[in-house]
Amino acid sequence: MSNFIFGVVSEYLNQLNGSQKAAVCYTDGPSLVIAGAGSGKTRVLTYKIAYLIEKGIHPSAILALTFTNKAAREMKDRISSIVGHELAKRLWMGTFHSIFSRILRAECEVLGFPRDFTIYDAADTKSLLKTIIKERQLDEKVYKPNVVYARISNAKNALITPQAYAANKDLIESDMYAKMPLIKEIYQTYFNRCKQAGAMDFDDLLLYTNILFRDNPSVLEKYRTHFQYILVDEYQDTNFAQHLIVQRLAEQHRNICVVGDDAQSIYSFRGANIDNILTFKNNFPHCKIFKLEQNYRSTQTIVDAANSLIQKNSRQIEKKVFSENEVGHKIEVLNGYSDYEEGYLVANKISEVRMRDHDGFNSFAILYRTNAQSRIFEEALRKRNIPYRIYGGLSFYQRKEIKDVISYFRLCVNPTDEEALKRVINYPTRGIGDTTLNKVLTTASLHNESAWNVICDPLKYALPVNAGTASKLKAFKELIVGFIEESKVLSASDLATLVVKQSGIVADLFQDRSVEGTSKQENLQELLKGIAEFCEIKREEGVENPGLSDFLAEVSLLTDQDNTSEDREDKVTLMTIHAAKGLEFRNVFVVGLEEDLFPSGMSKGNDRAIEEERRLFYVAITRAERLCFITYAKSRFRNGQSNICSPSRFIRDIDPRYLNLPADDFGSLGMQKARESAVSGSSQQKQSRRTLVDRQPLEVPVEHKPNFKKVDQTVDNKLITPEIKGLRPGNRIMHERFGEGRVLAIAGEGTNMKATVEFQSFGQKQLLLKFAKFTIVE
DNA sequence: GGCCGGGGCATTTTT
DNA sequence: TGCCCCGGCC
C-alpha cells in the first residue's frame, strides 16, 4: 500500500518546479513559503501533505489550517485523489474556526461551557449587543451596534478580555474620544451573557482556545504532541489570536509550514495582521524561506504590470514574480464620463471580446471595490442581454426563514441560547409580544439567570405577567421541552421534520402564496433535505444516530456561499475584489479606479491603509489570465449625489509601458510612454527599473495636475449655471445620460427644483436639477 | 401584527 | 439615491 502511494506522489513531484519541489520536500523544521499570485500555492500545500503521509506520518498527526471551508474542502479532495479517501479523511484539515471549535467541544468543560455550546453568528452577536445597549438605556445612535461589535471583535482578536480592556488606558481613552466610554461595560456584559447562554461567537472560538491553552498546560501538551506537523494557508490573513495558537502548538517541535503572500494581505479590517507573515522568520529562527515566483496564470504583461504596481509599497517581502506565458496584450484603461457610461463601455467590451476571441461569458469577471457599484453594471449587462451572476448577497444560512428554523434546533440542543429564544418565542405568532419578552429578559438579567430558566419557573423569579401570558409562556416551554425529549431518541432529520411541523412553521410558510413565500418554502425544503443528507453521510461514517447537535456543530460554521451547481453556467461574474481573492478569470475588468473610491476615501492619509488598498488592486489585476481592463468614470452618482472623480493614483502606479492609456486624461503619460518605447524598444527588467526612476517627477498629487482640474471646473460650472435655474417648460435640453429631450414641467424650488422631461429614447424622466447633468439646447 | 413613510446612513466581511 | 430600521397607525 505505502509503496503504491509512494509511486503516485513521486510522479506528482516531477510535475513541480524547483522551488515548489524544495518547499514540498522540506518537512522538518519551520518554513515560510512565499507564494506569489498564481504560483501554484495550493499544489505545494496538497503535495506537501501527501508527501508527509507517504513518508509514514499518520494523517491525524497533521494539522492543516485554512481560512475558508471551500479551501479546506478543495485541498482535502485533492489529497484524497492522491493518497486515497481513507487516509485523507483522518487529516485535521479545516478552517481555524472549525478545527478549534472541535477542540473546544472536547475540552470546554474546564472553561465552564457546555459541550453543545451554541456558536453565535454575526447577526446573533449584533442582536445581543443591541439588547444590551437598550437595556442600559444608551443611545443606539451613539453606541452603534456595528461599531461596538467591531471594537469588541478587535479586542478579542488581540486577546484582550473584558478585564484587560477595562485596564487598558489606550482603549479607554480612545473610547472616551469616540464618546463611547461605556464600551468596556458593554463588553463585560456581552461576555457574561454569552457565557450564561452557553454561546461563543466567532471570535470567542479563537479567544477561548488561547485561554484554554494558556491556563491548562496539560491540554496544550496533549495537542502539541498530537499535531506533529502544522501547515497554515493564507498566513498573511491571520490575526493575533490565530498567530498565537499556531505559535503555541508549534513552538516545541517547530514542524511548521506557513504559506501565504504578503502582497495579497487585504483583510486588516477583520483583524488580520500582515506583520505575522513579515516577521514570521523572527518568531521561528532558522526558518527556511521558499519563494514561489513563477506565475502560471497570467500573461507576462499582466504579471509585470502588477509587479510595477506593488513595488510602490514599502512593507513587503522581496520577490520577483515572473511569467513564462505569452507576453500578451497591454492592460487597457477605459474611461467614461459617468458611472453609467462606464457600465456601458464594459458591457460593450465584453461583447466585442467575446465575438473576437470566442470566449464564453463565464470567462469574464467585473471586479469592484464596493458592492454598491454592481447595480450599474447589472443594468448595462441586462440591456445588452448579457447573462451575469452576482456574488455577495445573503448566504443560505443567513436567510430569515432558515435562521428561524435553525433557532428551534438550537433551543433543542441548548435551551439557554438567548438569541435563538428571542427569535422563536413569538414565531409563529403565539401572543408573546415584545413586552413579555422584555420582562423575561429583564427578570433574567436581574437574577443573573438565563431567560430559559425564567420561563421554566416564572414564579420563582417573580416574572410580572398576567395569567393569560403565563399560560402562553408555559405552552411555549412545553413545546420546546417536548422537542428536547424527542431529541434524545430521534435522528437530526426526523427531529427537524417534527419541529417544523409542530412549531407551526410549515403552516405559517405555506399559507403565503407570494413569490417570496414560495422561495421560503423551497429554502425550508432545501434545509430539510440537507439535514437528511447529513444524517446519511454520518451513518455511512459509522455514526449510529446522528443527532441535531452534530448537525448544528457543523452547520454553524458553514457560512460559505459556494453554490457549486451553478458554477458552470455561462455567465459573467460580478463580485467585490475581496470576494475574488483566490479565483481566476480569462478576462477581468477592474472598475471604478477613482480617488476616494479605490483607494477608498476611508484610507486617506493613512499609509498603511493605502498600501492595503494597493494590495487589493494587485489582487484584482492578478486574477486575470489573459486580458485585463481598468476602468474609471469622471463623475459618479454616490450617496445621492453626483460627484466629480479623478482617476485613481493607482493607475499611475503601474508602469505605463504595460498600459494602453486613454489620451484625454493621460495625454502626457501617453506621450512619454511612446517616447520610451521608441528609445528602449526592449522589455528587459533593467529598462523597466529605469523607467520607474524617469517617471518620478510625475508622482505629484492629483490636485496639481492641470488636466484633472479642468474636468472639475467644467462640470462645476454646469451645476451652478444660472440659465439652468431659468429652465422653462418647452426648453430642449441635451442630457449627459439620456440625450435629447423636451422639458414638460418644472416643480419645486431651490435645491429641490425638479423638471419633468420627455426624452427621445428614454421616455419621461423626473430630473432633480441639483444633480442633473445637461445643457439647454434651445 | 403588518404596512407605510420618515430619518439616517452609506468600504471591504474568509468564520 | 436607495436601503434599512424604527415608530406610528390601522
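Chain letters run A, B, ... following the sequence lines, proteins first and then strands; every chain starts at 1. Keep in mind it's a predicted model, so treat the numbers as computed, not measured.
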Is the shortest side-chain N/O distance from [X] to OP1 or OP2 of [N] below 4.0 Å?
{"X": "A/Arg375", "N": "C/dC3", "answer": "yes"}
{"X": "A/Thr576", "N": "B/dT13", "answer": "yes"}
{"X": "A/Asn371", "N": "B/dT13", "answer": "yes"}
{"X": "A/Lys156", "N": "B/dT15", "answer": "no"}

Rounded to whole angstroms, how far apart are [atom1] on [X] and [atom2] on [N]?
{"X": "A/Lys581", "N": "B/dT11", "atom1": "NZ", "atom2": "P", "answer": "22 Å"}
{"X": "A/Asn69", "N": "B/dT13", "atom1": "CG", "atom2": "C1'", "answer": "15 Å"}
{"X": "A/Leu205", "N": "B/dT14", "atom1": "CG", "atom2": "P", "answer": "16 Å"}
{"X": "A/Phe396", "N": "B/dT15", "atom1": "CZ", "atom2": "P", "answer": "16 Å"}
{"X": "A/His97", "N": "B/dT15", "atom1": "NE2", "atom2": "P", "answer": "9 Å"}
{"X": "A/Tyr208", "N": "B/dT15", "atom1": "OH", "atom2": "C1'", "answer": "17 Å"}
{"X": "A/Phe617", "N": "B/dT11", "atom1": "CZ", "atom2": "P", "answer": "21 Å"}
{"X": "A/Ile274", "N": "B/dT12", "atom1": "CD1", "atom2": "P", "answer": "21 Å"}

What nucleotide, of [options], holds the atom closest to the side chain of [X]?
{"X": "A/Phe269", "options": "B/dT11, B/dT12, C/dC5", "result": "B/dT12"}
{"X": "A/Arg270", "options": "B/dT11, C/dC3, B/dT15", "result": "B/dT15"}
{"X": "A/His578", "options": "B/dT11, B/dT12, B/dT14", "result": "B/dT12"}
{"X": "A/Asn639", "options": "C/dC5, B/dA10, B/dT15", "result": "B/dA10"}
{"X": "A/Met602", "options": "B/dG1, B/dT11, B/dT15", "result": "B/dT11"}
{"X": "A/Lys130", "options": "B/dG1, B/dT11, C/dC6", "result": "C/dC6"}
{"X": "A/Thr95", "options": "B/dT11, B/dG1, B/dT15", "result": "B/dT15"}
{"X": "A/Asp237", "options": "B/dT14, B/dC9, B/dT11", "result": "B/dT14"}
{"X": "A/Glu140", "options": "B/dT12, C/dC6, C/dC3", "result": "C/dC6"}
{"X": "A/Asn426", "options": "C/dG2, B/dT14, B/dG1", "result": "B/dG1"}

When the [atom1] atoms of [N] and [M] are considered, how many whole Å apart are they?
{"N": "C/dC5", "M": "B/dT12", "atom1": "C1'", "answer": "23 Å"}
{"N": "C/dC6", "M": "B/dT11", "atom1": "C1'", "answer": "25 Å"}
{"N": "B/dT14", "M": "C/dC3", "atom1": "C1'", "answer": "25 Å"}

N-O pairing of [X] and [Y] below 4.0 Å:
{"X": "A/Lys581", "Y": "A/Glu234", "result": "yes"}
{"X": "A/Asp596", "Y": "A/Arg638", "result": "no"}
{"X": "A/Arg636", "Y": "A/Glu342", "result": "yes"}

* First encountered from the 5' end of DNA chain B, between A/Ser600 and A/Ala272 ->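 Whichever sits nearer the 5' end wins; that is A/Ser600.
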
* **Syn/anti label of B/dT12 as read from its glycosidic torsion, with the cut at 90° from 0** =>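 Classified anti.
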
* A/Phe377 and A/Tyr368 aromatic ring geometry - parallel, tilted or perpendicular at 30°/60° bounds ->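 Taking A/Phe377 first and then A/Tyr368, their aromatic rings lie parallel (interplane angle under 30°).
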
* Asked: Cationic tip of A/Lys400 within the cone over A/Tyr427's six-membered ring, i.e. under 6.0 Å and within 45° of the normal?
  ->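 Yes, cation above the ring, under 6.0 Å and within 45°.
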
* To do: Could you walk me through whether A/Arg649 and A/Glu595 pass salt bridge (charged side-chain N to carboxylate O under 4.0 Å, His left out), step by step?
  => CA-CA 7 Å; A/Arg649 68 190 76 182; A/Glu595 284 295 305; 2.7 Å; yes

